[in-house]
Protein chains: 2
Amino acid sequence: MRVVIAKCSVDYEGRLTAHLPLATRLLMVKADGSVLVHSDGGSYKPLNWMSPPCSMAEAVPDEDEAADGVTLVWVVRHAKSDDALRVRIHEVVSDATYDLGVDPGLVKDGVEAHLQALLAEHIHTLGDGYSLVRREFMTAIGPVDILCRDGDGVTVAVEIKRRGEIDGVEQLTRYLELMNRDPHLAPVTGIFAAQQIKPQARTLAEDRGIRCVVLDYDELKGIDTSEHRLF
Amino acid sequence: MRVVIAKCSVDYEGRLTAHLPLATRLLMVKADGSVLVHSDGGSYKPLNWMSPPCSMAEAVPDEDEAADGVTLVWVVRHAKSDDALRVRIHEVVSDATYDLGVDPGLVKDGVEAHLQALLAEHIHTLGDGYSLVRREFMTAIGPVDILCRDGDGVTVAVEIKRRGEIDGVEQLTRYLELMNRDPHLAPVTGIFAAQQIKPQARTLAEDRGIRCVVLDYDELKGIDTSEHRLF
DNA sequence: CATTTAATCTCGCGA
DNA sequence: TCGCGAGGTTAAATG
């Protein structure tokens with residue numbers, strides 16, 4: 001990885017056009033050729049960047065650029081599209097290259113997939129007599145997170161979100177409409193399950209006869225642990 | 001801005017739990033206290049990070065950490081939530097601080113707002129006799145991007161997206177349902193206009209009698225230019 | 001300040 | 001490879 005601190009202006013042309021006036025910034029060139037332009041603020045998103053696959057070339061400034069004080073130009077082109085980034089460097093404060101090696105990568109825990117796995121494992125938390133049919137039940141318009149049966153043997157489609165918003169209710173509604181048109185499956189009722197359900201989403205769901213369930217990730221994991229401890 | 005190259009492991013606890021095994025990485029500490037952990041690959045997203053407002057403190061490794069070879073621990077805490085990042089540093093390769101000053105910021109061109117302005121200006125590209133009623137036409141559930149009339153004087157609601165997906169069709173459908181209940185407006189037809197329309201979105205839209213139009217930003221801008229050149 | 005919506009979204013999974 | 005959905009989405013605009 002190459003890290004350069006430089007006074008520069010930047011222009012991007014591609015899916016949109018963007019311009020960064022002259023200022024001192026951090027330029028990061030990664031092993032795959034991608035370039036990031038960071039300022040000393042904002043959040044993790046760079047002010048400007050080029051995603052891989054791309055290649056970076058250094059060019060000599062033209063007459064106008066040289067007259068403006070540009071000493072070096074980086075031309076970064078995307079390999080598959082016409083996206084291009086031009087970094088006009090006026091002054092280099094620092095320029096260093098490091099060998100970082102390959103990163104072992106991030107290990108995550110607590111995302112929607114885990115919620116789904118935990119709820120499937122403890123499907124009875126939805127009510128007495130509930131039994132799992134299958135996770136990721138495929139339909140023509142996409143997979144239903146969990147398909148199960150309630151105590152009366154009625155099919156139930158469960159949509160799981162970390163944060164339940166209107167989009168999720170719309171999604172479940174589409175699944176229910178489709179599945180209720182299938183005589184093999186109908187009638188199918190719906191459960192909208194999330195760690196947190198926005199009031200608007202709850203209202204919409206209940207208005208459509210969809211039951212809302214708030215999931216407690218730690219509690220589900222706790223059940224997991226205490227059950228394992230029985231053995 | 002402080003830039004550190006170090007062999008480290010990182011743990012995040014907050015909305016989820018995440019762990020980065022020991023490796024050499026770039027650590028960026030911005031003026032607002034935010035921290036970014038970058039590897040030599042991936043895109044512009046850091047492997048791990050802490051968003052502002054937050055504060056970073058250096059701590060002495062405990063006994064176990066020291067036994068593992070940790071020489072220094074960064075504890076980064078978010079100011080408003082319980083999110084925390086622990087960077088366990090084993091070896092510092094480089095550590096430098098730079099004064100970048102305040103960034104003048106990015107100037108953009110070519111986003112959805114511009115598409116809307118351009119299409120409103122050239123509403124006749126939707127068909128002969130089309131006329132603009134108004135942009136951002138307010139309804140009880142939000143603003144319709146463009147309201148216009150077709151050649152027969154029938155009211156048309158236009159939803160504009162850069163990339164047309166199912167959500168956009170749902171949104172337009174809600175507007176149309178509402179507006180068609182209003183005797184002053186009904187009947188209202190719909191147009192889903194985007195630079196790119198996903199097949200599923202197109203299918204859903206056309207199934208609901210909504211016309212799909214693919215917009216060409218450069219062409220609309222070209223019309224703009226050539227019209228201006230007439231004067 | 002909360003809410004909504006766009007994003008050069010990125011990222012990962014599955015067909 | 002492409003499409004689709006999730007994201008510690010982030011970030012900007014708006015009521």
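Every chain is numbered from 1, with letters handed out A, B, ... down the list of sequences.
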Point to revise | Spacing of A/Leu106 atom CG relative to C/dG12 atom C1', expressed in whole Å | key: 13 Å
Point to revise | C/dC9 phosphate, OP1 or OP2, under 4.0 Å from A/Arg15 side-chain N/O | key: yes
**Study point:** Spacing of B/Arg174 atom CZ relative to C/dT4 atom C1', expressed in whole Å
**Key:** 12 Å
**Study point:** Nearest-Å distance for atom pair CD/P, residues B/Gln195 and C/dA6
**Key:** 13 Å
Practice item. Consider the side chain of A/Lys161, meaning its heavy atoms from C-beta on, and name the nucleotide among C/dA6, D/dA6, D/dT10 that approaches it most closely. Key: D/dA6
Review point. Can you check the A/Met138 CE to C/dG14 P distance for me, whole Å?
Key: 11 Å
Review point. Are any of B/Arg162's side-chain N or O atoms less than 4.0 Å away from OP1 or OP2 of C/dA6?
Key: no
**Study point:** Taking every non-hydrogen atom, the tightest pair across A/Leu47 and A/Arg25
**Key:** CD1-NE, 3.5 Å
Point to revise | Spacing between A/Gln116 atom CD and C/dG14 atom P, to the nearest angstrom | key: 10 Å
Review point. Heavy-atom distance under 4.5 Å between the side chains of A/Val35 and A/Cys54, does that happen here?
Key: no
Review point. Contacts to DNA chain C from residues 35-46 of chain B, heavy-atom cutoff under 4.0 Å, which residues?
Key: B/Ser43, B/Tyr44, B/Lys45
Practice item. State, with a plain yes or no, whether a side-chain heavy atom of A/Val169 is found less than 4.5 Å away from one of A/Thr173. Key: yes
Would you list the atom pairs, donor with acceptor, under 3.5 Å between side chains in residues 194-203 of chain A and any protein atom, with sequence neighbours excluded?
unit_1   : atom_1 : unit_2   : atom_2 : d
A/Arg202 : NH1    : A/Glu206 : OE2    : 3.3
A/Thr203 : OG1    : A/Pro199 : O      : 2.9

Point to revise | Short side-chain N/O contact from A/Gln200 to OP1 or OP2 of C/dT4, under 4.0 Å | key: yes
Exercise for review: Take the protein atom NZ of B/Lys108 and the nucleotide atom P of D/dA12, then report the distance between them rounded to whole Å.
Suggested key: 7 Å
Review point. Closest nucleotide of DNA chain D for B/Ile166 versus for B/Leu47: which of these residues is on the 5' side?
Key: B/Ile166
Revision key, fill the gap. Winner on side-chain proximity to A/Gln171, out of C/dC1, D/dA6, C/dA7, is D/dA6
Check your understanding: For A/Trp49 and C/dT10, is the shortest distance between a side-chain N/O and OP1 or OP2 below 4.0 Å?
Key -> yes
Exercise for review: Could you check how far CD of A/Glu159 sits from C1' of D/dA6, rounded to whole Å?
Suggested key: 11 Å
Review point. Any Lys/Arg nitrogen of B/Glu170 or B/Arg208 sitting under 4.0 Å from an Asp/Glu carboxylate oxygen of the other?
Key: yes
Review point. Rounded to the Å, how far apart are B/Tyr175 OH and C/dT4 P?
Key: 11 Å
Check your understanding: Could A/Asp145 and A/Lys161 be called an ion pair, given the rule that one side-chain N must be under 4.0 Å from one carboxylate O?
Key -> no
**Study point:** Between NE2 on residue A/His38 and OH on residue A/Tyr44, distance to nearest 0.5 Å
**Key:** 10.5 Å
